[in-house]
Student: 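Would you mind keeping the following structure in view while I ask a few things?
Note that the numbering runs from 1 along the sequence shown for the chain. Small disclaimer: the values here were computed from a predicted structure and weren't measured.
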Amino acid sequence: MASSLSTLVDFSKSSLLLSVASIAFNPTAWNIVARNEYRNKTITRMFGGNARYGCYFLALCIFTAGMVRDALYHRALIEQPRQKILPEPLDTLVPAVLFVLGQTFVITSTWALGITGTFLGDYFGILMDHRVEGFPFNVLRDPMYVGSTMSFAATALWYERPAGLLITLYVYIVYVIALRFEGPFTDMIYSNRAARDSAQAKSESKKEL
């Protein structure tokens, strides 16, 4: 088993390690930065107290890091052994459909949430008025992460690199772990707002009386 795996994945390539590191770095770093922002407003203070500008700056950082991650993944695949995975014509149809669907989920998620909704605006205090329930959130709970994972798998299948499928599994695991931290913290942010709004409403009601 070990020898057969070594023929499919070249673990000696530094590009593979760099790709794996960048995949783990992105969600980990942004979670740390965003939580710090929620508590200390570090980025907001950098922009003179303008939370929206701070969020746009973080969005640019996240987008840039994502491009670097994708470039490192592509380079890692090119340096890995090539192996036929799917028969013709599925070898082109499956990855093409998978990639289009994945990017559709990512792009429509961004469109539905907007820049601040997509790039951790709630940690800056820029909260949405209501939960987004239209497509793609009516078919997937976390369409952006699912779409990204699908795109990783599609690229691996397109270039016929089994190592890419192993990396895709790793991507999925990293995203699952990230969501375990992101989900509850985001819920806490909105719960705190609801509690503040409720307290304010009660205070105003008492004043009227």
Student: Look at the side chain of Q83 and the backbone N and O of P162, then say whether any donor-acceptor pair between them is shorter than 3.5 Å.
Tutor: no
Student: Can you measure from CG (N31) to CZ (R180) and round to the nearest 0.5 angstrom?
Tutor: 14.0 Å
Student: side-chain hydrogen bond (donor to acceptor under 3.5 Å, both in side chains) for S148 and Y175? Distances and angles first, verdict last.
Tutor: CA-CA 10 Å; S148 178; Y175 284 165; 2.9 Å; yes
Student: For a 4.5 angstrom cut-off between non-hydrogen side-chain atoms, does I43 reach F124?
Tutor: yes
Student: Can you tell me how far the OG1 atom of T44 sits from the CG atom of N50, to the nearest 0.5 Å?
Tutor: 8.0 Å
Student: Run L157 and D91 through side-chain contact (heavy atoms from CB on, under 4.5 Å) and show every step you take.
Tutor: CA-CA 7 Å; L157 292 172; D91 58 345; over 6 Å; no
Student: Under 4.5 Å between any side-chain heavy atoms of E79 and D10, yes or no?
Tutor: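 The answer is no; the side chains never approach within 4.5 Å.
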Student: Would you please test L120 and I62 for side-chain contact (heavy atoms from CB on, under 4.5 Å) and show each step?
Tutor: CA-CA 10 Å; L120 307 173; I62 294 174; 4.1 Å; yes
Student: Whether the side chain of Y172 engages the backbone of T149 through a donor-acceptor N/O pair (distance < 3.5 Å, no angle test) should be reported.
Tutor: no
Student: Could you tell me which residues satisfy side chain to side chain contact (heavy atoms under 4.5 Å, CB included) with T110, sequence neighbours excluded, listed by chain and number?
Tutor: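 For T110, the residues satisfying side chain to side chain contact (heavy atoms under 4.5 Å, CB included) (neighbours in sequence not counted) are T118, M144.
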Student: Quick check: are there more than 12 heavy atoms from other residues, nucleotides or ligands sitting under 6.0 Å from CZ of F137?
Tutor: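 Yes, CZ of F137 has more than 12 neighbouring heavy atoms, counting only those of other groups under 6.0 Å.
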Student: If you round to the nearest 0.5 Å, how far is OG1 of T104 from CE of M150?
Tutor: 8.5 Å
Student: For a side-chain hydrogen bond (donor to acceptor under 3.5 Å, both in side chains) check, start with the C-alpha distance between Y145 and E182, then their side-chain angles and the critical distance, and finish with the verdict.
Tutor: CA-CA 12 Å; Y145 280 149; E182 285 182 21; 2.6 Å; yes
Student: Any side-chain heavy atom of M67 within less than 4.5 Å of one from T64?
Tutor: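 No, their side chains stay 4.5 Å or more apart.
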Student: The test is side-chain contact (heavy atoms from CB on, under 4.5 Å); show your working for N138 and E133 and say whether it passes.
Tutor: CA-CA 6 Å; N138 58 352; E133 296 180 345; 5.9 Å; no
Student: Would you say that L58 contacts W30 through its side chain, given a criterion of any heavy-atom pair below 4.5 Å between the two side chains?
Tutor: yes
Student: Passes side-chain contact (heavy atoms from CB on, under 4.5 Å), D70 versus F152? Steps please.
Tutor: CA-CA 9 Å; D70 292 346; F152 272 94; 4.3 Å; yes
Student: Should the pair F135 and F105 be assigned to parallel (<30°), tilted (30 to 60°) or perpendicular (>60°) ring geometry?
Tutor: tilted
Student: I need the S22 OG to L72 CG distance, nearest 0.5 Å.
Tutor: 4.5 Å
Student: Quick check: do R45 and T42 have side-chain heavy atoms less than 4.5 Å from each other?
Tutor: yes
Student: Could you check whether any side-chain heavy atom of F47 comes within less than 4.5 Å of a side-chain heavy atom of F57, counting everything from C-beta outward?
Tutor: yes
Student: Within the structure provided, determine whether C55 and I115 are in side-chain contact (heavy-atom separation under 4.5 Å).
Tutor: no
Student: Quick one: closest heavy-atom pair of P81 and R161, and the distance?
Tutor: O-CD, 3.3 Å
Student: Thinking salt bridges, do E37 and K41 make one under a 4.0 Å N-O criterion?
Tutor: no
